[in-house]
Amino acid sequence: MAKATFNRPKGTADFLPQDTAIWQHIESTARLLFGDYGFKEIRTPIFESYDVFSRSAGDTSDVVTKEMYDFNDKGDRHMALRPEGTAGVVRAYVENKLYGPEFDKPYKVYYTGPMFRYERPQAGRFRQFHQIGVEALGADSAALDVEVIAMAVDFFQTLGLSNLKVAINSLGDAQSRANYRQALVDYLTPHFDALSADSKARLDKNPLRVLDSKDAQDQVIVAGAPSILDHLTPDSAQRWAQVQALLTALNIDYVVDANMVRGLDYYNDTIFEIMTEDKNLKGAATIGGGGRYAGLVEEFGGPETPGVGFGIGVERLVNLLAAQNVLPEVDTTLDFYVVNIGADTDVVASQTVQAIRAFGYGAERDYLARSPKAQFKSADRAHAKFVVTIGQQELENKTANLKNMTTGEQFAVKLTDLYTDLPNIIEAGEEA
RNA sequence: GCGGUCGUGGUGAAGUGGUUAACACACUGGUUUGUGGAUCCAGCAUUCGCGGGUUCGAUUCCCGUCGACCGCCCCA
């Protein structure tokens, strides 16, 4: 009979104990740092009504039109696994009336958790992936755009990353974009035949996408295209200038990429991406991105409220940390390993590990009745600092044998001392 | 959704249309009747992702499927 085998779903990952330390480190760093910036954690459902995403992310974005994990539940409601974090946060903002006068503005939150997109897995690309994101709702100030960018930069620097590039652009407001879109289409149309097949399709669907085509021929054409930055309305132009002035004032290096667009339709004015220059990670160079949005809160039935936020891809971040060799040191040592010899010692071995743990030290024992040699091997592999051995002899004398694993010295200690006076025993053991 | 490469034990891997699937690491036991990090010895894949086909015979050939990796689209 063939044994049934199961694989994790395509594009998902099991994070094993040797992997999760770095995730915890990233998350705790985010909590600490974002807290300093006044952001508090929000937790929203992993699935929402399908419409929450389709209304917010837009119907020209692939994320919504082709990549959503959607399903009808047993009550025949059309639901979807979240492909991104902003929509759920905005829905919660409106539903809980967080725009009310009793809440400070901007209302600042961060979140962390899995996102789902049905697409072909590849480098830095998964069907279930994880984001750490933030949203600040209710303030239109360019200073807030810059604070959010500054926080992202601060976060990456705190984690020890270097060689990151901050790219910014402005999509302008609705009027700016309408003006520009027309200018761009007017420019591209005469070149239509020379465009790549992809760009031909993009031209009437979402012409701004042509700007960041990777096709070499497209890039030649795009090089002569008008810039969105020349089509900003006075309001948008002023914000754009302010954002750059503030970034400069805060000594944040950035580059303007007038061809940058983002994958979700709700953005306007300031957008940004943070990417690595590392050539080895080109497939997943962008580790975070975000920008300003208007109209989302209204879309969900709330009052006119601007917002700004970003999302960071945690898998990509982990990759980068590994590539730049800035993974945190993890303490792999064990304080005590209790070697127990013979079934009679089972009880006292358990009492001993419990007593040691009660003092706040790590303790492990053997559960398999293995030979002393095998148990010492385990202790060695666990990088135990001390081994406590309890066998028939010790049992009769109500003692234990304490061995300092770095010096190899060992001596007898009374069990009662072990239970009541561990710190002194450790001191004695370290001198041995 | 499109295209390419690949799939042998816990791990890294070699290999062939034909009775025993190299080697290394790891692991387990012994060498030391109760003591680790060294040496030596022994053990460790009835099986080569899964299903089907060709064949006297397939891990090796063919098809399908699932999965991994990479590129495009898109994106974190």
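Naming convention: chains lettered A, B, ... in sequence-line order (proteins, then strands); numbering from 1 in each chain. The structure presented is a predicted model; accordingly, all values stated were derived computationally and were not measured.
The side chain of A/Arg209 places an N or O atom within less than 4.0 Å of a non-bridging phosphate oxygen (OP1 or OP2) of B/C75. Of the side-chain N and O atoms in A/Arg125, none sit less than 4.0 angstrom from OP1 or OP2 of B/C70. Between A/Gln131 and B/A76 there is no side-chain N or O to OP1 or OP2 distance below 4.0 Å. Side-chain N/O atoms of A/Arg262 include none lying less than 4.0 angstrom from OP1 or OP2 on B/C74. For A/Arg120 and B/C74, the shortest distance from a side-chain N or O to OP1 or OP2 is not below 4.0 Å.
At a threshold of 4.0 angstrom between heavy atoms, the contacts of A/Ala384 with the nucleic acid are absent. Note on A/Gln392: a base of the nucleic acid sits closer than 4.0 angstrom, heavy atoms only. Backbone-only contact: A/Lys10 has heavy atoms under 4.0 Å from sugar-phosphate atoms and none from a base. Using a 4.0 Å heavy-atom distance criterion, A/Ile287 is classed as a sugar-phosphate-only contact.
Between A/Tyr110 and A/Phe34, the two ring planes are perpendicular [angle over 60°; tilted spans 30° to 60°]. Note: A/Trp23 and A/Phe15 have tilted aromatic rings, judged against thresholds of 30 and 60 degrees for the angle between ring planes.
For the P atoms, the distance linking B/U65 with B/U20 amounts to 34 Å, nearest Å. Rounded to whole Å, the separation between the P atoms of B/G3 and B/G12 comes to 30 Å.
Considering only the side chain of A/Ser371, B/G29 comes nearest among B/G4, B/A76, B/G29. Checking B/C73, B/U35, B/C66 against every side-chain atom of A/Asn7, the shortest atom distance belongs to B/C66. Side-chain proximity of A/Arg316 to B/A76, B/C72, B/C66: nearest is B/A76. The side chain of A/Ala123 sits closest to B/G71 out of B/U28, B/C75, B/G71.
For the pair A/Lys66 and A/Tyr118, the cation-pi test (distance below 6.0 Å, angle within 45°) is failed.
Taking only distance into account, the side chain of A/Gln375 never meets the base of B/U35 through a donor-acceptor pair shorter than 3.5 Å. Judged by atom type and distance alone, A/Gln122 does not reach the base of B/A68 through any side-chain donor-acceptor pair under 3.5 Å. In this model, a side-chain donor or acceptor of A/Lys403 finds a partner on the base of B/G36 within 3.5 Å. Residue A/Glu394 places a side-chain atom within donor-acceptor reach of the base of B/G34, judged by atom type and a 3.5 Å distance cut-off alone. Evaluation of atom-type donor-acceptor distances gives no pair under 3.5 Å for the side chain of A/Lys377 against the base of B/U28.
Under a 4.0 Å N-O distance rule, the pair A/Asp193/A/Lys200 does not qualify as a salt bridge. Salt bridge status for A/Asp173 with A/Arg239: absent, with no side-chain N to carboxylate O gap under 4.0 Å. A salt bridge between A/Arg370 and A/Asp366 is present, with a side-chain N of the basic residue lying under 4.0 Å from a carboxylate O of the acidic one.
Around OH of A/Tyr187, the count of heavy atoms belonging to other residues, nucleotides or ligands within 6.0 Å exceeds 12.
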- Message: The test is salt bridge (charged side-chain N to carboxylate O under 4.0 Å, His left out); show your working for A/Arg91 and A/Glu48 and say whether it passes.
- Response: CA-CA 9 Å; A/Arg91 191 229 82 231; A/Glu48 299 269 0; 2.5 Å; yes
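Interface residues of residues 152-170 of chain A facing RNA chain B, ordered by number: none; criterion, heavy-atom separation under 4.0 Å.
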